Amino acid sequence: MSQTKEGFKKRILAVDDDIIVLTRITNILRNDYELVTVNSGMRALRYLREEKPDLILLDIRMAQQDGIETLREIRNMEERKDIPVIMLTGVENKDIVVESAKLGVCDYLLKPFSSTELLKRIQRVLGQEETEEDYERERRIME
């Protein structure tokens, strides 16, 4: 389900300064997606100068350069401004939600998040939502 028509896995860039969160994201996504992890907004921008992932998971609260600042810079990169972004945060803050929305985020996920919820949101953003037909097909295969 996470593969494109050509058979390649979708690539996700996960940006968080918490190694525990990055490890958790890796454990959840490693079987279905090609995952690249970085621990700062600055490293994310460096990576994005060379590569274009299919989706970015971006933490809001990070040292040096926060997620909003990083997202502003991504949106100013001509070849990267259309990459879908899901913001991750441990803090509910209306101003940050509004600012994220203005910058065109696709979703906003509060930490701690469940594996199921993260996968569901990624699949929705990447247009990979499981239809009832997909579910039935998988169920018949498993029988």
Side-chain angles (χ1 to χ4, degrees), residues 1-135 137-139 141-142:
M1 179 154 77
S2 63
Q3 297 186 352
T4 62
K5 289 177 184 169
E6 296 81 30
F8 295 103
K9 290 182 176 182
K10 297 274 189 172
R11 186 179 326 149
I12 297 174
L13 172 63
V15 187
D16 200 305
D17 60 351
D18 185 337
I19 188 67
I20 293 169
V21 174
L22 286 178
T23 301
R24 183 145 190 273
I25 290 170
T26 299
N27 289 338
I28 295 168
L29 302 180
R30 70 175 161 215
N31 293 328
D32 297 315
Y33 298 94
E34 180 184 331
L35 187 65
V36 176
T37 60
V38 295
N39 64 359
S40 74
M42 295 161 80
R43 284 195 170 117
L45 294 170
R46 240 178 293 166
Y47 172 82
L48 289 168
R49 286 187 196 107
E50 303 296 321
E51 300 289 336
K52 186 175 181 183
D54 297 293
L55 173 71
I56 300 171
L57 300 175
L58 182 59
D59 183 26
I60 291 177
R61 297 241 167 137
M62 295 185 288
Q64 296 174 339
Q65 182 171 345
D66 70 22
I68 298 293
E69 205 176 318
T70 302
L71 183 56
R72 272 193 200 100
E73 290 194 41
I74 293 168
R75 295 303 186 224
N76 286 324
M77 298 171 84
E78 191 57 39
E79 300 289 318
R80 306 295 185 258
K81 65 184 178 186
D82 62 334
I83 300 171
V85 175
I86 297 175
M87 298 300 278
L88 305 174
T89 187
V91 180
E92 271 190 90
N93 181 314
K94 183 182 171 192
D95 294 335
I96 291 174
V97 173
V98 169
E99 186 64 26
S100 299
K102 285 180 185 175
L103 292 167
V105 298
C106 296
D107 211 335
Y108 188 85
L109 188 59
L110 286 174
K111 298 177 197 173
F113 48 82
S114 72
S115 304
T116 305
E117 192 61 31
L118 178 63
L119 283 167
K120 205 183 328 180
R121 292 184 189 219
I122 288 171
Q123 290 166 352
R124 184 186 57 76
V125 169
L126 292 175
Q128 301 172 316
E129 285 185 287
E130 218 173 10
T131 65
E132 225 170 285
E133 288 172 12
D134 293 331
Y135 175 76
R137 188 178 325 110
E138 286 177 21
R139 190 181 60 74
I141 290 170
M142 299 301 263

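Computed from a predicted structure; not experimentally measured.
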salt_bridge(Lys9, Glu34) N-O dist < 4.0 Å:
no
Rounded to the nearest 0.5 Å, what's the gap from NZ on Lys111 to OG1 on Thr89? Could you check?
6.5 Å
Thr70 and Gln65, any side-chain heavy atoms less than 4.5 Å apart:
yes
Can you tell me how far apart CD (Glu79) and CZ (Arg49) are? Round to the nearest 0.5 Å.
14.5 Å
Enclosure of Arg80 CZ (heavy-atom neighbours >12, cutoff 6.0 Å)
yes
Between the side chains of Glu69 and Arg72, is the shortest nitrogen-to-carboxylate-oxygen separation below 4.0 Å, so that they form an ion pair?
no
The reported gap from CD1 in Ile122 to CD1 in Ile25 (rounded to nearest 0.5 angstrom) is 8.0 Å
I'd like to know if the side chain of Arg24 reaches the main chain of Phe113, judged simply by a donor and an acceptor atom lying under 3.5 Å from each other, with no hydrogens or angles considered.
yes
Nearest heavy-atom contact between Lys10 and Asp54 is CA-OD2, 3.3 Å
Measuring from Leu22:CG to Asp59:CG, what's the distance to the nearest 0.5 Å?
8.5 Å
Mind listing the closest non-hydrogen atom pair of Cys106 and Val125 along with its distance?
CB-CG2, 3.7 Å
Looking only at heavy atoms, which two atoms of Leu13 and Ala44 are closest? And how far apart?
CD2-CB, 4.2 Å
Provide the closest heavy-atom pair for Leu48 versus Pro53 in the form atom of the first, atom of the second, distance.
CD2-CD, 3.4 Å
N/O donor-acceptor pair under 3.5 Å between Arg75 side chain and Gly104 backbone
yes
Hey, which of Ile56, Ile68, Leu57 is the one that makes side-chain contact (heavy atoms from CB on, under 4.5 Å) with Met87?
Ile68
Does Arg121 reach the main-chain N or O of Tyr108 with its side chain, forming a donor-acceptor pair under 3.5 Å?
yes
To the nearest 0.5 Å, atom CG of Asn39 lies from atom CD of Gln64 at 9.0 Å
side-chain contact (heavy atoms from CB on, under 4.5 Å) between Val38 and Arg46, intermediate numbers included:
CA-CA 10 Å; Val38 295; Arg46 240 178 293 166; over 6 Å; no
Within the 4.5 Å heavy-atom criterion, are Arg124 and Asp107 side-chain neighbours or not?
yes
For Leu45 and Glu73, work out which heavy atoms get closest and say how close.
CD1-OE1, 3.1 Å
Note: Lys52-Asp82 ion pair, threshold 4.0 Å (strictly below):
yes
Value for OH (Tyr33) from CG (Leu55), rounded to nearest 0.5 Å, stands at 8.5 Å
